[in-house]
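A short write-up of the structure that comes next.
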2 protein chains.
Amino acid sequence: MSSELDTAFAALADPTRRRILTMLLEDDMAVTDVAEPFEISLAAISKHLSILTRAGLIAQEKRGRVKWCKLQPDALRAASVWMQGFGQFEPVNLEAFERFLEAELDRPAETCPPSTFPPAAQ
Amino acid sequence: MSSELDTAFAALADPTRRRILTMLLEDDMAVTDVAEPFEISLAAISKHLSILTRAGLIAQEKRGRVKWCKLQPDALRAASVWMQGFGQFEPVNLEAFERFLEAELDRPAETCPPSTFPPAAQ
DNA sequence: TTCTAAATAAACCATTTGGTTGAATAAGGG
DNA sequence: CCCTTATTCAACCAAATGGTTTATTTAGAA
């Protein structure tokens, strides 16, 4: 048995899953559409999505034969709060985050692995 | 090769490591002292500490035969910023976090697994 | 010098993770 | 009804994870 923080952080530790979350930030998506930009199999994406669901980071709702995925930031909030407790972090630069998002979404695709935010981290 | 966010979130996904971070929030500690409240072997703690070090969450400095561990929140900040980008989170209730910390540190010890913040999550 | 304490290294083990492929299930569309 | 599309299940695999125990290394204390 693992706590909500365990599953949330574990879910966030994978670049594919973080990228999925970033995509869902734009709009809700069907499983097939989520899978489209990635090179890996649909089954693999399906697994990633259930990990995100179990972590409470997204919700999936089936309408017809399509299963829609939507962001559900409850667990993300819990994790964020935990981290902010370590605090003294300077206020977030949301403009930088906007630029990051654009880069993330415009990427030639098919290449998911690296990519950090903030850009020149540390 | 994994990004800084990968290693940071992966490091945070383990309750033992999160608890170590919480302990270090109080003060810098030697490896043996970090290990003291836990049931697992010193070697296991040593591994956890190098994971935290590689993730950039702590720094270790050897003075004499004692290796001191101190919080180094750079990677934590990067991760926090990434998460706040998903934002719309209400401002953090730091008093609640204080209470959480007390509970976390006063715990009968030896029992590391569960424990979430915020307390009544979801 | 010798003993002891601090920390890591090395070898090992069970479990989990992230991926694959090939069925199976479910629900529209013609 | 049959075909196709959307999604998951099942079985499998290689690599990573979190733990163990038994050496080693290193440096202070007697």
Side-chain angles (χ1 to χ4, degrees), chain A residues 1-3 5-21 23-24 28-55 57-70 110-115, chain B residues 1-21 23-24 28-55 57-70 110-114:
Chain A
M1 175 173 304
S2 50
S3 83
L5 282 179
D6 286 25
T7 52
F9 282 128
L12 291 172
D14 183 280
T16 300
R17 289 193 290 264
R18 283 201 308 279
R19 190 158 192 223
I20 291 175
L21 291 178
M23 290 163 59
L24 292 178
D28 299 355
M29 298 178 83
V31 174
T32 310
D33 297 331
V34 169
E36 196 266 327
F38 297 95
E39 284 174 315
I40 64 182
S41 70
L42 186 60
I45 294 292
S46 178
K47 282 191 191 176
H48 280 304
L49 289 171
S50 35
I51 288 172
L52 288 170
T53 302
R54 254 173 298 146
L57 293 170
I58 69 171
Q60 292 181 285
E61 182 199 355
K62 194 165 186 179
R63 273 206 300 275
R65 62 181 163 171
V66 171
K67 204 165 187 179
W68 292 91
C69 308
K70 65 181 309 182
E110 321 308 342
T111 59
C112 85
S115 139
Chain B
M1 174 174 302
S2 50
S3 84
E4 185 183 79
L5 283 178
D6 287 24
T7 52
F9 282 128
L12 291 171
D14 184 280
T16 301
R17 288 194 290 265
R18 282 201 309 278
R19 189 154 195 227
I20 290 175
L21 291 178
M23 291 163 61
L24 292 178
D28 300 354
M29 298 179 84
V31 174
T32 310
D33 296 332
V34 169
E36 196 266 327
F38 296 95
E39 283 174 317
I40 65 183
S41 70
L42 184 61
I45 294 291
S46 178
K47 282 190 190 178
H48 279 305
L49 289 172
S50 34
I51 289 171
L52 288 170
T53 301
R54 255 171 312 180
L57 293 169
I58 68 170
Q60 291 181 286
E61 183 198 355
K62 193 165 186 179
R63 273 204 301 274
R65 63 179 164 173
V66 171
K67 203 165 187 179
W68 292 91
C69 309
K70 65 182 306 182
E110 320 308 341
T111 60
C112 86

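Note that the CG atom of B/L49 and the CD1 atom of B/I58 stand 4.5 Å from one another [nearest 0.5 Å]. Residue A/L5 holds its CG atom at 9.5 Å from CG of B/L12, rounded to the nearest 0.5 Å. Atom CD1 of A/I45 is separated from atom CG of A/D33 by 11.5 Å, given to the nearest 0.5 angstrom.
In this structure, CZ of B/R17 is placed 12 Å from C1' of D/dG19, rounded to the nearest angstrom. Between the P atom of C/dT17 and the CD1 atom of A/I40 lies a distance of 16 Å, rounded to the nearest Å. Distance, B/E61 CD to C/dT8 P: 14 Å, rounded to whole Å. In this structure, B/I58 atom CD1 and C/dA7 atom P are separated by 12 Å, rounded to whole Å. Between the CD1 atom of B/I51 and the C1' atom of D/dG18 there is a distance of 8 Å, given to the nearest Å. Whole-Å rounding puts the B/D33 CG to C/dA6 P distance at 8 Å. Across the protein-nucleic acid pair, A/K62 atom NZ and D/dT8 atom P stand 7 Å apart, rounded to whole Å. Nucleotide D/dC9 holds its P atom 16 Å from the CD1 atom of A/I45, rounded to whole Å.
The side-chain heavy atoms of B/V34 and B/H48, taken from C-beta on, include no pair separated by under 4.5 Å.
Residue B/H48 places at least one side-chain N or O closer than 4.0 Å to OP1 or OP2 of D/dG19. Listed pair B/R63 / D/dA27 fails the phosphate criterion, with no side-chain N or O lying under 4.0 Å from OP1 or OP2. Remark: A/S41 is in phosphate contact with C/dT20, judged by side-chain N or O atoms under 4.0 Å from OP1 or OP2. When the side-chain nitrogen and oxygen atoms of B/S46 are compared with OP1 and OP2 of C/dA7, none of them lie within a distance under 4.0 Å. B/K67 has a side-chain polar atom (N or O) that falls below the 4.0 Å cut-off from OP1 or OP2 of C/dT8.
Using a 4.0 Å heavy-atom cutoff across all strands shown, A/A10 reaches no nucleic acid atom at all.
In this structure, A/S50 contributes its side chain and A/T53 its backbone to no donor-acceptor pair below 3.5 Å.
You'll find that the side chain of B/L42 is closest to C/dT8, out of D/dT7, C/dT8, D/dG19. Considering only side-chain atoms of A/V31, the nucleotide from C/dG19, D/dT8, D/dG18 that sits closest is D/dT8. The listed nucleotides are C/dT20, C/dA7, D/dT20; the one nearest the side chain of A/A44 is C/dT20. The nucleotide whose nearest atom lies closest to any side-chain atom of B/A43 is, among D/dT26, D/dC9, C/dA9, C/dA9.
The residue among B/W68 and A/G64 whose nearest nucleotide of DNA chain C is located toward the 5' end is B/W68.
A donor and an acceptor atom sit less than 3.5 Å apart, one in the side chain of A/R65 and one in the base of D/dT5.
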